[in-house]
Chemist: 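What follows is a structure written as structure tokens; I'll ask about it next.
A note on names: the letters A, B, ... follow the listed sequences, proteins ahead of strands, and every chain is numbered from 1.
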Protein chains: 2
Amino acid sequence: MDKLLQGVKIRINDKLFVKDPESSELGKNIIRMSILMINEIGWENFTFKKLGKQIGSNESSIYRYFENKHKLLLYLTSWYWGWMEYHLVLATHSIGNPKVKLLKAIDIITREVIEDTAYLHINEVLLNKIVINEYSKSYLTKEVDAENKEGYFIIYKRMVGRLRDMIKDVNPEYTYPSSLASTILESTLHQHFLKDHFTSITDCNATVTPTQYLTHLVVNTLNQNVNE
Amino acid sequence: MDKLLQGVKIRINDKLFVKDPESSELGKNIIRMSILMINEIGWENFTFKKLGKQIGSNESSIYRYFENKHKLLLYLTSWYWGWMEYHLVLATHSIGNPKVKLLKAIDIITREVIEDTAYLHINEVLLNKIVINEYSKSYLTKEVDAENKEGYFIIYKRMVGRLRDMIKDVNPEYTYPSSLASTILESTLHQHFLKDHFTSITDCNATVTPTQYLTHLVVNTLNQNVNE
DNA sequence: ACTTAGCGATAGTATTACTATTATATTTGC
DNA sequence: GCAAATATAATAGTAATACTATCGCTAAGT
């Protein structure tokens with residue numbers, strides 16, 4: 001799978017950057033190091049000044065790539081969802097049976113992220129952790145409607161849409177396919193967070209995975225006839 | 001119900017404030033106005049300086065009640081969950097039938113919040129909006145483990161625990177009662193957010209409520225036998 | 001050889017999130 | 001009714017943040 005993916009570029013809304021970070025070594029360094037640093041010190045403590053210091057570049061140079069911190073987060077998380085979408089499509093497109101297809105999709109989305117050597121400057125494992133810890137901060141803002149109009153969340157919404165369609169194929173009678181799809185994506189992040197920080201309010205742990213929990217949830221919800 | 005509740009004080013971890021805001025007019029003004037302002041301008045744009053100006057008080061006076069902005073958010077959201085817990089217990093404690101009880105609990109948790117005149121300085125409708133938009137920012141931090149140890153999230157976790165117990169009473173065989181309980185609380189907030197900002201990835205709207213969606217989800221999940 | 005783009009360096013700004021100190025107003029205890 | 005304690009206001013100050021603006025160097029393209 002690795003070699004096959006090499007060279008596939010994840011397309012990000014070009015309003016999210018001033019200059020494409022993939023177009024230069026400095027740009028890739030910004031991406032590479034920002035992932036390491038945000039994961040290490042957290043979004044709130046992360047600054048362009050600190051980032052510049054770490055990559056031996058000037059703060060002002062980073063602003064030539066990203067207008068501000070917020071857009072860097074949108075870029076990183078968009079990349080993550082684009083990468084995830086690519087895996088999702090690749091793993092499911094040849095599956096005919098709707099149920100098998102949906103189960104595969106849930107597996108891809110909810111599983112523990114492992115390293116992907118196809119993108120040398122991006123550590124997907126750490127990026128996944130960043131998404132778990134920081135993604136909601138990218139849309140829980142007063143600017144969300146304006147930014148949504150600009151298409152900043154399009155990849156994420158497209159993923160939810162794909163999942164919704166798979167749910168519909170399994171059970172066309174089910175009333176809440178979009179809500180269930182968005183719940184799957186969001187609960188995955190949440191359950192991963194809970195097992196690391198609030199163990200008492202989740203059943204997920206080293207042996208029980210969010211995949212098992214969500215698979216069970218979806219299967220039972222869709223198989224059930226409308227009742228009660 | 002209103003008069004009955006009058007005088008019931010929501011108990012908040014006293015490490016969350018320097019001086020109890022309920023103990024003075026200024027304190028209540030801080031709470032009242034911060035709810036209005038955070039709702040209006042959002043958490044990121046909210047500052048103690050602006051708050052002081054609005055209530056005709058000095059910034060430094062606010063610091064006599066809350067050590068910092070973050071603890072104010074923890075206070076407000078703790079109060080909200082305490083208030084919610086109170087309603088939950090009140091509405092369910094006398095119900096014997098486990099299924100009826102759980103359905104009532106889901107209704108309380110997921111329904112649209114309406115005004116509660118028992119707490120004059122707190123606008124519960126706006127506070128609910130703040131919880132939807134800002135609650136996750138209170139725990140998605142690098143300090144979460146330390147703050148969790150201090151008991152800053154105890155009310156929320158207790159609520160999840162109550163819900164988990166009700167789930168267990170309905171179906172003792174179900175493998176993921178804690179995860180399902182945390183999903184219910186979190187998905188409620190998320191679906192409410194989606195219907196206001198990302199309508200394309202939810203089925204909830206003016207006529208379809210998160211209550212209907214989540215009730216259906218839980219009922220079907222718990223009624224189903226373990227299979228497939 | 002000339003232009004241009006890319007980057008680094010420096011300086012500067014308004015704002016934030018506080019802390020510290022002093023002064024004044026208010027409450028309370030006697 | 002007055003002193004003492006307490007609460008609040010006013011002012012000043014700090015380090016850090018999130019930028020913006022300008023300038024100069026350098027290396028690459030034409």
Side-chain angles (χ1 to χ4, degrees), chain A residues 14-34 37-38 40-76 121 134 137-138 140-143 146-147, chain B residues 14-34 37-38 40-76 121 134 137-138 140-143 146-147:
Chain A
D14 58 16
K15 286 176 203 148
L16 287 180
F17 49 79
V18 183
K19 178 180 171 170
D20 186 356
E22 305 258 307
S23 70
S24 76
E25 272 314 301
L26 176 57
K28 285 180 202 163
N29 271 330
I30 289 172
I31 299 303
R32 183 196 346 255
M33 189 56 77
S34 64
M37 287 184 74
I38 294 166
E40 183 76 21
I41 63 178
W43 178 246
E44 280 72 26
N45 302 313
F46 170 80
T47 70
F48 279 5
K49 194 168 190 174
K50 290 177 189 169
L51 172 61
K53 201 173 178 184
Q54 286 292 319
I55 58 175
S57 276
N58 200 271
E59 189 189 4
S60 59
S61 302
I62 298 161
Y63 280 98
R64 290 224 177 69
Y65 286 82
F66 293 99
E67 218 177 305
N68 53 50
K69 219 180 129 169
H70 179 64
K71 287 201 172 176
L72 171 61
L73 181 60
L74 289 170
Y75 179 92
L76 291 175
H121 62 297
E134 325 287 1
K137 296 171 192 170
S138 77
L140 294 177
T141 68
K142 279 286 163 185
E143 295 78 34
E147 294 187 349
Chain B
D14 59 14
K15 287 177 203 148
L16 288 180
F17 49 79
V18 183
K19 179 181 172 170
D20 186 356
E22 305 259 306
S23 70
S24 75
E25 272 314 302
L26 176 58
K28 285 180 201 162
N29 272 330
I30 290 171
I31 300 303
R32 185 200 341 260
M33 189 56 76
S34 65
M37 286 183 75
I38 294 167
E40 182 76 19
I41 64 178
W43 178 247
E44 280 72 27
N45 302 313
F46 170 81
T47 71
F48 280 4
K49 194 168 191 177
K50 290 177 189 170
L51 172 61
K53 201 174 179 186
Q54 286 292 317
I55 58 175
S57 277
N58 201 271
E59 188 189 3
S60 59
S61 304
I62 298 162
Y63 279 98
R64 291 236 171 61
Y65 286 85
F66 293 99
E67 216 177 305
N68 53 49
K69 217 180 130 170
H70 179 64
K71 288 202 172 175
L72 172 60
L73 181 60
L74 289 170
Y75 179 92
L76 291 176
H121 61 298
E134 325 288 2
K137 296 172 193 170
S138 76
L140 293 177
T141 68
K142 280 285 162 183
E143 296 77 35
E147 294 186 350

Chemist: Do B:Glu147 and B:His70 meet the criterion of a side-chain donor-acceptor pair at a distance under 3.5 Å?
Modeler: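 Yes, B:His70 and B:Glu147 have a side-chain donor paired with an acceptor closer than 3.5 Å.
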Chemist: With heavy atoms under 4.0 Å as the rule, sort A:Lys49 into base, sugar-phosphate or nothing.
Modeler: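 Nothing, no heavy atom under 4.0 Å.
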Chemist: Rounded to whole Å, how long is the line connecting atom NZ of B:Lys69 with atom P of D:dT17?
Modeler: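 Interatomic distance, NZ of B:Lys69 to P of D:dT17: 15 Å.
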Chemist: Given C:dT16, D:dC19, C:dG8, identify the nucleotide with an atom nearest to the side chain of B:Thr47.
Modeler: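 Of the candidates, C:dT16 comes closest.
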Chemist: Closest nucleotide of DNA chain C for A:Gly56 versus for B:Phe46: which of these residues is on the 5' side?
Modeler: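 Taking each residue's closest nucleotide, the earlier one in sequence belongs to A:Gly56.
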Chemist: What's A:Glu25 touching, base or sugar-phosphate or nothing? Going by heavy atoms closer than 4.0 Å.
Modeler: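 Touches nothing.
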Chemist: Rounded to the nearest Å, what distance is computed from the CG atom of residue A:Asn58 to the P atom of nucleotide C:dG6?
Modeler: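 Between P of C:dG6 and CG of A:Asn58: 16 Å.
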Chemist: Quick check: closest heavy atoms across B:Ser34 and B:Leu76, and the distance to 0.1 Å?
Modeler: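 Answer, listing the atom of B:Ser34 first, then B:Leu76: OG-CD1, 3.9 Å.
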Chemist: Rounding to a whole Å, what distance do you find between B:Tyr65:OH and C:dT19:C1'?
Modeler: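 Atom-to-atom, B:Tyr65 to C:dT19, this comes out as 19 Å.
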Chemist: Between A:Glu44 and B:Ser24, just flag the one whose closest nucleotide in DNA chain D comes earlier from the 5' side.
Modeler: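 It is B:Ser24, whose closest nucleotide lies nearer the 5' terminus.
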Chemist: Looking across every strand, which nucleic acid part, if any, lies under 4.0 Å from A:Ser60 by heavy atom: base, sugar-phosphate, or nothing?
Modeler: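 Contact class for A:Ser60: base.
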Chemist: Within the 4.0 Å heavy-atom criterion, would you say A:Phe66 contacts the bases, only the backbone, or no part of the nucleic acid?
Modeler: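 Contact class for A:Phe66: none.
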Chemist: Counting the atoms with a prime plus P, OP1 and OP2 as sugar-phosphate, which does B:Tyr63 contact under 4.0 Å by heavy atoms, base, sugar-phosphate, or nothing?
Modeler: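 Base contact - B:Tyr63 has a heavy atom under 4.0 Å of at least one base atom.
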Chemist: Which part of the nucleic acid does A:Ser61 contact within heavy-atom distance under 4.0 Å: base, sugar-phosphate only, or nothing?
Modeler: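 The residue A:Ser61 makes base contact.
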